[in-house]
2 protein chains.
Amino acid sequence: MKKQSYRPDIVSVATLAGVSAATVSRALNHPELVQPTTRKKVDQAIRKLGYIRNRAAQTIHGRRSATIGLVVPSVSDAIFAELVQAFNDTVSESGFTLLLASHRYDLDMEYALVRKLLEHRVDALAMIGLDHRPDTYRVLREQEVPVAAIWNYQPDSQISCIGIDNAEAGRRAAEHLLMLGHRRIATIFPETRDNDRARARRLAAMGSISATGVALREEWQLQTPYNIAQSKRSCIELLTRAERPTALLCGNDVIAQGAIYAALHLGLSVPRDISIIGIGDFDGSAELEPPLTTVRIPASRIGAAAARHLITVIDSDGQDQLVRTRFDCELIMRSTTTART
Amino acid sequence: MKKQSYRPDIVSVATLAGVSAATVSRALNHPELVQPTTRKKVDQAIRKLGYIRNRAAQTIHGRRSATIGLVVPSVSDAIFAELVQAFNDTVSESGFTLLLASHRYDLDMEYALVRKLLEHRVDALAMIGLDHRPDTYRVLREQEVPVAAIWNYQPDSQISCIGIDNAEAGRRAAEHLLMLGHRRIATIFPETRDNDRARARRLAAMGSISATGVALREEWQLQTPYNIAQSKRSCIELLTRAERPTALLCGNDVIAQGAIYAALHLGLSVPRDISIIGIGDFDGSAELEPPLTTVRIPASRIGAAAARHLITVIDSDGQDQLVRTRFDCELIMRSTTTART
DNA sequence: AATAGCCTTGCAAATGTTTTCATAAATCTG
DNA sequence: CAGATTTATGAAAACATTTGCAAGGCTATT
């Protein structure tokens with residue numbers, strides 16, 4: 001009564017078709033090398049047996065694994081959803097399969113996940129940002145697997161990177177508020193340790209503000225995870241204090257969304273009572289009420305570009321030349337910011 | 001000048017450690033079978049060479065591939081984000097790696113993706129819903145790979161399923177509106193061909209409404225994809241007509257979110273001018289302003305349960321007994337619905 | 001002290017493919 | 001039509017690992 005199921009292999013196909021295994025392999029991988037009539041026989045045998053070729057076997061032979069790994073902090077946090085989708089679509093179009101892993105902003109776990117993906121012999125690997133453990137960098141170097149950092153552009157990166165200049169994004173957001181005359185500005189960012197994207201944005205934003213001679217009040221620099229509920233809670237707390245800022249600079253659109261809801265919840269009018277700016281321009285940010293003013297990060301384009309880059313490197317037999325691609329981030333003025341009255 | 005990089009294999013580790021390859025393999029896979037001192041030597045050699053074992057080779061030997069496939073319509077659509085996250089977390093905790101594929105509601109493409117995952121010899125595979133091509137069902141049966149349908153519960157399913165009764169969800173939503181006295185009810189659902197979740201919800205909702213003797217007006221049964229922007233647009237159109245419904249029953253929370261924004265945009269008060277109910281209770285639905293009344297689908301629990309089920313089947317050596325797990329869906333009353341005045 | 005049993009390790013076969021090399025058949029060239 | 005070239009196919013080695021079997025060394029039992 002044992003599970004006897006015999007999964008047909010290439011030789012059973014070959015036998016049925018009356019040819020050798022080599023011919024079947026060729027019919028599959030280099031169809032132009034085998035005669036049409038033979039090809040037909042092989043196809044029929046494959047169909048008849050329900051043969052599905054074993055990628056592991058070709059991987060082991062030294063051929064491609066036809067997989068690409070992607071390591072992100074989180075899949076569900078909406079920040080990366082669009083990116084993962086675009087990356088996956090591009091990779092999939094070229095016949096690759098995506099190995100996905102998420103580490104919840106824990107870089108030690110990231111190292112473990114990268115190792116796991118390398119065990120599977122991914123043909124290339126992408127990670128978010130450039131903050132990684134030295135061990136992670138080392139193992140990637142040793143294994144000589146094509147690798148790319150997605151989401152930020154850094155002129156001095158050790159590895160290829162495809163993304164935006166996060167400092168610029170932070171600066172853009174800050175300058176917009178300053179330009180509108182705001183001086184009482186609060187910032188809300190997530191924990192910036194191990195998160196170079198948030199860190200760069202925050203530093204640049206605060207730098208811009210200070211540079212104009214505006215004082216940054218300690219108690220207005222909030223910290224909250226990328227999460228609507230928590231952001232809303234923090235903002236409600238902030239906005240019910242005796243002294244209120246006139247503008248909120250949010251680390252990303254999710255936080256900004258929470259901020260809008262907080263204001264609405266308190267009966268404050270956005271942007272009349274409080275201006276709010278986000279960073280990201282996520283799917284849906286344009287439809288919020290009021291529509292969110294934000295700094296656009298072209299997530300889909302970045303994801304697709306990163307995937308294309310890695311595929312190119314794979315196709316050129318792993319000559320992993322360092323490439324740095326910088327996407328522009330653009331201020332999208334909608335309705336959540338207005339001049340200080 | 002060729003890429004000479006020699007990735008260390010198990011025999012180079014064995015040589016360095018002064019043992020045989022078999023011992024290295026055992027030290028890795030069955031540490032209790034090898035003496036502590038030998039194990040230590042092996043560990044050192046592994047460390048020294050930076051050896052990373054090749055999963056493809058063990059896959060080929062007939063052992064597990066240590067991968068699980070997940071096929072979803074979309075990663076970015078927020079409907080599945082939470083699910084993918086939970087599924088991935090659970091799978092990852094047990095040492096498996098996730099192979100992800102998305103087909104954008106195209107079931108022919110789904111078939112191709114399933115085949116691709118089978119080529120990689122995933123140890124198990126999960127898909128969304130029970131609407132699949134006959135070919136898909138056939139190939140899964142032939143390959144005898146453990147498989148589960150996530151998201152809906154169906155007592156007569158061909159394969160294991162873990163999810164909710166979507167008809168119940170639709171009914172719950174409809175009954176809530178009816179109970180509040182609404183008679184002028186509009187529904188907004190996505191295309192229901194090839195989407196059994198939406199179809200069951202919609203049919204049950206409309207059934208409940210008709211059963212109470214309430215007429216369903218043709219022109220109030222809208223169709224829109226799961227997308228905030230499109231939903232908002234459709235709802236704006238609906239709500240600016242001469243005759244307006246008093247309640248909107250939305251296929252899921254994303255559509256409902258678009259509906260809320262549409263109402264807000266038109267200066268209508270929710271729920272005073274129009275009641276809105278969603279289905280799903282996605283992340284963030286509780287924080288919307290006003291907080292969304294909806295029928296909760298426990299996405300994280302479903303995803304984790306599905307993953308656990310598949311892992312159990314794998315561990316029990318592929319005895320894929322048919323299991324059907326039904327999660328309850330629960331009406332979450334928040335603030336977007338009120339009694340018809 | 002001899003035998004039985006266990007623990008640890010090594011040898012070699014097996015896994016499913018791809019690819020190099022060789023060979024046979026077919027086509028071309030003069 | 002003979003020799004040269006091209007084309008189609010097969011045989012076998014190689015890839016990195018796991019595991020059944022066997023053997024050697026050790027401990028325990030009588």
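Scope of the values below: all heavy atoms of this structure, side chains included, with no hydrogens, waters or symmetry mates. Letters go in sequence order (proteins before strands), and every chain restarts at 1.
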For the pair made of [atom1] in [X] and [atom2] in [N], what is the distance, rounded to whole Å?
| X | N | atom1 | atom2 | answer |
| --- | --- | --- | --- | --- |
| A:I60 | D:dT17 | CD1 | C1' | 6 Å |
| B:I10 | C:dG10 | CD1 | P | 12 Å |
| B:I46 | D:dT17 | CD1 | P | 10 Å |
| B:H30 | D:dT17 | NE2 | P | 14 Å |
| B:R7 | D:dA16 | CZ | P | 10 Å |
| B:E119 | C:dT18 | CD | P | 10 Å |
| A:R53 | C:dT17 | CZ | P | 9 Å |
| A:N29 | C:dT19 | CG | C1' | 11 Å |

Decide whether [X] and [Y] meet the rule of one side-chain donor and one side-chain acceptor closer than 3.5 Å.
| X | Y | value |
| --- | --- | --- |
| B:S12 | B:D9 | yes |
| B:Q85 | B:S300 | no |
| A:D131 | A:N195 | no |
| A:Y111 | A:R115 | yes |

Under 4.0 Å protein heavy-atom contacts per nucleotide of nucleotides 7-13 of chain D, with B for base, S for backbone only and - for none = -SBBB--

Test: A:R138 and A:D135 ion pair at under 4.0 Å = yes

Between B:V24 and A:G62, which is nearer to the 5' end of DNA chain D once each is assigned its nearest nucleotide?
-> A:G62

Kindly point out which of C:dT17, D:dA16, D:dT18 is positioned nearest to the side chain of B:Q58?
-> D:dT18

The single option from [options] passing side chain to side chain contact (heavy atoms under 4.5 Å, CB included) against [X]:
| X | options | value |
| --- | --- | --- |
| B:H309 | B:I162, B:I150, B:T90 | B:I162 |
| B:F87 | B:L100, B:I302, B:L70 | B:L70 |
| B:V145 | B:L140, B:V114, B:V139 | B:L140 |

Over 60° means perpendicular and under 30° means parallel, so classify the ring planes of B:Y105 and B:F80, tilted if in between.
-> tilted

Per the end-axis method with five pairs at each terminus, what is the bend angle of the helix from C:dA1-D:dT30 to C:dG30-D:dC1, to 10°?
-> 30°

Under 4.0 Å between a side-chain N/O of A:N54 and OP1 or OP2 of C:dT15, yes or no?
-> no

